[in-house]
**Q** 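To start, I am sharing the structure in question, which I have written as structure tokens.
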Amino acid sequence: MKAVLKVALLVAIAVSIKAHATDSRIYKSEPNGFFCNTKVSAKKFQRYMEQQDAGAATSLIESGECSVVVPSLELFIDSEDAGVVGVRRKGLTTVVWTFKHMLK
């Protein structure tokens with residue numbers, strides 16, 4: 001009887017974990033969203049935009065630290081820090097950084 005309860009408990013845990021894993025919300029990026037290679041670059045970009053310094057923000061894009069992605073992408077949020085989010089594209093493991101308000 002104890003063995004049956006243990007198996008039932010393991011099955012319940014496994015089902016719960018699987019249900020939680022499949023509940024992960026897939027976000028879509030806004031068209032023409034900004035993505036940066038690192039969290040530091042995203043924070044810089046955010047600061048430059050808040051300061052309305054388009055020249056400095058453009059320099060991050062020209063340097064390749066940040067880029068504009070035209071199509072909408074399916075993304076998972078990997079981590080979040082004050083409106084800056086680390087996201088990974090569905091099916092990939094690489095994390096890039098964007099802004100929470102650019103996801104829907």
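Position 1 is the first residue of the sequence, and the numbers go up from there.
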**Q** Say you draw a straight line from NZ of Lys28 to CD of Glu74; how long is it, rounded to the nearest 0.5 Å?
**A** 4.5 Å
**Q** Taking the six-membered ring of Tyr27 as reference, does the cationic atom of Arg25 (NZ for Lys, CZ for Arg) lie under 6.0 Å from its centre and within 45° of its axis?
**A** yes
**Q** Do Pro71 and Val69 make a side-chain contact, defined as non-hydrogen atoms from C-beta onward lying under 4.5 Å apart?
**A** yes
**Q** Decide, yes or no, whether a salt bridge links Asp81 with Lys43 under the criterion of side-chain N to carboxylate O below 4.0 Å.
**A** yes
**Q** When you look at CD of Gln52, are more than 12 heavy atoms from neighbouring residues, nucleotides or ligands closer to it than 6.0 Å?
**A** no
**Q** Tell me, do Ile26 and Leu75 make a side-chain contact under 4.5 Å, heavy atoms counted?
**A** no
**Q** Rounded to the nearest 0.5 Å, what's the gap from CD on Gln46 to SG on Cys66? Could you check?
**A** 11.0 Å
**Q** Ser72 side chain to Pro31 main-chain N or O, any donor-acceptor pair under 3.5 Å?
**A** no
**Q** Could you state whether Val84 and Val95 fall into the same hydrophobic cluster, counting links through intermediate Ile, Leu, Val, Met, Phe, Trp or Tyr residues with side-chain heavy atoms under 4.5 angstrom apart?
**A** yes
**Q** If you measure from OG1 on Thr98 to CD on Glu30, what distance do you get to the nearest 0.5 Å?
**A** 10.0 Å
**Q** Quick check: is Phe35 connected to Leu60 through a chain of hydrophobic side chains (ILVMFWY, heavy atoms under 4.5 Å apart)?
**A** no
**Q** Set out, in order, the CA-CA distance, both residues' side-chain angles and the distance that settles side chain to side chain contact (heavy atoms under 4.5 Å, CB included) for Phe34 and Ile61, then state yes or no.
**A** CA-CA 9 Å; Phe34 294 95; Ile61 293 170; 3.6 Å; yes
**Q** Determine, step by step, whether Glu80 and Lys100 satisfy the side chain to side chain contact (heavy atoms under 4.5 Å, CB included) criterion, reporting the C-alpha distance in whole Å, the side-chain angles of both residues, the deciding distance to 0.1 Å, and the verdict.
**A** CA-CA 8 Å; Glu80 187 171 351; Lys100 181 78 179 227; 3.6 Å; yes
**Q** Look at the side-chain heavy atoms of Ile, Leu, Val, Met, Phe, Trp and Tyr, link any pair under 4.5 Å apart, and say whether Ile77 and Leu92 land in one connected group.
**A** no
**Q** Walk me through it: do Val87 and Asp78 pass the test side chain to side chain contact (heavy atoms under 4.5 Å, CB included)?
**A** CA-CA 5 Å; Val87 295; Asp78 192 63; over 6 Å; no
**Q** Show your working on side chain to side chain contact (heavy atoms under 4.5 Å, CB included) between Trp97 and Phe45 and close with a plain yes or no.
**A** CA-CA 11 Å; Trp97 296 84; Phe45 190 89; over 6 Å; no
**Q** Donor-acceptor pair, distance only, cut-off 3.5 Å: does the side chain of Asn37 make one with the backbone of Gly64?
**A** yes
**Q** In Å, rounded to the nearest 0.5 Å, how long is the span from CG of Asp53 to NZ of Lys44?
**A** 13.0 Å
**Q** Could you pull out the closest heavy-atom pair between Ser41 and Glu65, with the gap in Å?
**A** OG-OE1, 2.7 Å
**Q** Would you kindly confirm whether Met102 and Met49 end up in one hydrophobic cluster when ILVMFWY residues are joined by side chain heavy atoms under 4.5 Å apart?
**A** yes
